[in-house]
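Chain naming here is simple, since letters A, B, ... match the order of the sequence lines and numbering starts at 1 in each. Hydrogens, waters and symmetry mates play no part in the numbers below; they use all other heavy atoms, side chains included.
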There are 2 protein chains.
Amino acid sequence: MGLAKTEMFTEDQNAIALFAKVFGHPARVSILQHLFKINSCVCGDLVNEIGLAQPTISQHLKELKNLGLIKGNVEGTSVCYCIDVENWTQMKKIMYPFLDQDISKSDCC
Amino acid sequence: MGLAKTEMFTEDQNAIALFAKVFGHPARVSILQHLFKINSCVCGDLVNEIGLAQPTISQHLKELKNLGLIKGNVEGTSVCYCIDVENWTQMKKIMYPFLDQDISKSDCC
DNA sequence: TTGTTATATTGCAATATTACGATTAATATT
DNA sequence: AATATTAATCGTAATATTGCAATATAACAA
């Protein structure tokens, strides 16, 4: 297996899981924090910053890009990656209601 | 590999990734939503509700429990699972600043 | 005690993820 | 053109995840 049975869940549940999954690795968390912090970035910076090999960083960037959370523009020999503001906002609209469910009635036992 | 190099990241980054990872499967998202909705729950309900086999649900519950997001009390032959309000609140304190990073200066390219 | 019910654990097969060396592709620079 | 620089892709090894059948365990009921 190793394969989630997405067809038995709602679109919302699958969307939440997809975003969460991409946040589920500290390297990607670190990449995103770095992009927020310095506002613009090339991949090489991230390799130095994070300490994983260049292909590994490139792979993580690809996953973030696939989900639309970042975008990359070619600038000469390097690539300028940055947060995709619109999609990040969209992601928050999906994640927030999940994290913010009414907790007042919980804690039954 | 398949193993994240957690030692090269901050505690905060690893904590975010750990929480996100457990949210990274639609079955666990569904379980949590269900627990919030009906406020109290036994595992059997979840098996019917979600449609995965009982051992699979049990395993997902275990992961949620390991992270402290839910707790389970034995009630006769069944187990009453519910959200751990305190830890859920703690989780939000970690996840929110990450999701809510200042976006205003982003979108450079 | 014997069964019944509810959940957990074990073991395993299928697939996914992580990481990196080697290579490739694309663009600059000389 | 030849070379350097930067990032993407390929291939692969190591490990993790998902899902379930089979089994174990625990608590109750008759």
Side-chain angles (χ1 to χ4, degrees), chain A residues 1-9 13-14 17-31 34-35 40-67 70-82 109, chain B residues 1-9 13-14 17-31 34-35 40-67 70-82 109:
Chain A
M1 306 286 143
L3 177 61
K5 292 194 158 178
T6 54
E7 75 281 0
M8 43 182 27
F9 301 102
Q13 287 163 344
N14 282 314
L18 274 180
F19 282 124
K21 201 172 183 181
V22 91
F23 295 145
H25 192 291
R28 292 190 290 267
V29 169
S30 175
I31 287 172
H34 195 68
L35 288 182
S40 163
C41 195
V42 292
C43 179
D45 284 4
L46 292 166
V47 172
N48 296 332
E49 181 79 16
I50 292 173
L52 291 170
Q54 178 266 323
T56 308
I57 299 292
S58 190
Q59 195 176 294
H60 284 306
L61 286 167
K62 193 177 173 185
E63 284 176 70
L64 291 167
K65 205 174 166 188
N66 283 344
L67 257 186
I70 66 173
K71 47 187 179 180
N73 279 54
V74 176
E75 283 189 359
T77 43
S78 59
V79 177
C80 169
Y81 278 108
C82 60
C109 31
Chain B
M1 307 284 141
L3 177 61
K5 292 192 160 181
T6 53
E7 75 282 1
M8 44 183 25
F9 302 101
Q13 287 164 344
N14 282 315
L18 273 181
F19 282 124
K21 201 172 184 182
V22 90
F23 295 144
H25 193 292
R28 292 189 290 264
V29 169
S30 175
I31 287 170
H34 195 66
L35 288 182
S40 164
C41 195
V42 290
C43 179
D45 284 5
L46 291 165
V47 172
N48 295 332
E49 182 79 15
I50 292 171
L52 291 170
Q54 178 266 323
T56 308
I57 298 292
S58 187
Q59 195 176 295
H60 285 307
L61 285 168
K62 192 178 173 185
E63 284 176 69
L64 291 167
K65 205 174 165 188
N66 283 344
L67 257 187
I70 65 173
K71 48 187 176 179
N73 278 53
V74 177
E75 286 190 358
T77 43
S78 59
V79 177
C80 169
Y81 277 108
C82 60
C109 33

Heavy-atom pair with the smallest gap, counting every atom of A/Val29 and B/Gln13: CG1-CG, 3.9 Å
Tell me which of B/Ser78 and A/Glu63 sits closer to the 5' end of DNA chain C, going by the nucleotide each one is nearest to. B/Ser78
Counting just side-chain N and O atoms, does A/Tyr81 come under 4.0 Å of either OP1 or OP2 of D/dA8? yes
Proximity to the side chain of A/Arg28 - top-ranked nucleotide from C/dT27, D/dT9, C/dT18: C/dT18
What's the shortest heavy-atom distance between A/Leu52 and B/Phe9, and which atoms? CD1-CZ, 4.1 Å
Rounded to whole Å, the CG-P distance (A/Leu64 to C/dT17) equals 13 Å
Is the distance from OP1 or OP2 of D/dA8 to the nearest side-chain N or O of A/Ser58 less than 4.0 Å? yes
A/Asn73 CG to D/dT6 C1', straight-line distance once rounded to whole Å: 16 Å
Measure across B/Arg28 and B/Lys21 and return the closest heavy-atom pair with its distance rounded to 0.1 Å. NH2-O, 3.4 Å
From NZ of B/Lys62 across to P of C/dT10 the rounded distance in Å is 7 Å
How many whole angstroms separate atom CG of B/Leu52 from atom C1' of D/dC20? 10 Å
Please report, rounded to the nearest Å, how far the C1' atom of D/dC20 is from the CD1 atom of B/Ile50. 16 Å
A/Tyr81 versus A/Val42: any side-chain heavy-atom pair under 4.5 Å? no
Which base, if any, makes a Watson-Crick or G-U wobble pair with C/dT30, both distances under 3.5 Å? D/dA1
Counting just side-chain N and O atoms, does A/Thr56 come under 4.0 Å of either OP1 or OP2 of C/dC20? yes
A/Pro55 side chain, from C-beta outward: closest of C/dA19, C/dG21, C/dT7: C/dG21
Among the nucleotides D/dA7, C/dC20, D/dA8, whichever has the atom closest to the side chain of A/Leu61 is D/dA8
So for A/Gln54 and D/dA8, does any side-chain atom that can act as donor or acceptor lie under 3.5 Å from a complementary atom in the base? yes
What is the separation between atom CG on B/Leu18 and atom P on D/dA16, rounded to the nearest whole Å? 13 Å
Using whole Å, report how far CD of B/Gln59 lies from C1' of D/dT17. 8 Å
When we call it a touch if two heavy atoms are under 4.0 Å apart, what does B/Ile57 touch: a base, just sugar-phosphate, or nothing? nothing
C/dA16 phosphate, OP1 or OP2: any side-chain N/O from A/Lys21 under 4.0 angstrom? no
If I take atom CG in residue A/Asn48 and atom P in nucleotide D/dT6, what distance separates them, rounded to the nearest angstrom? 10 Å
Give a yes/no answer on whether the side chain of A/His60 brings an N or O atom under 4.0 Å of OP1 or OP2 in C/dT17. no
Does some side-chain heavy atom of B/His25 sit less than 4.5 Å from a side-chain heavy atom of B/His60? yes
Nearest 0.5 Å, what's the CG-CD1 distance between A/Leu64 and A/Ile31? 5.5 Å
Minimum-distance nucleotide (side-chain atoms of A/Val79 versus D/dA7, D/dG19, C/dC20): D/dA7
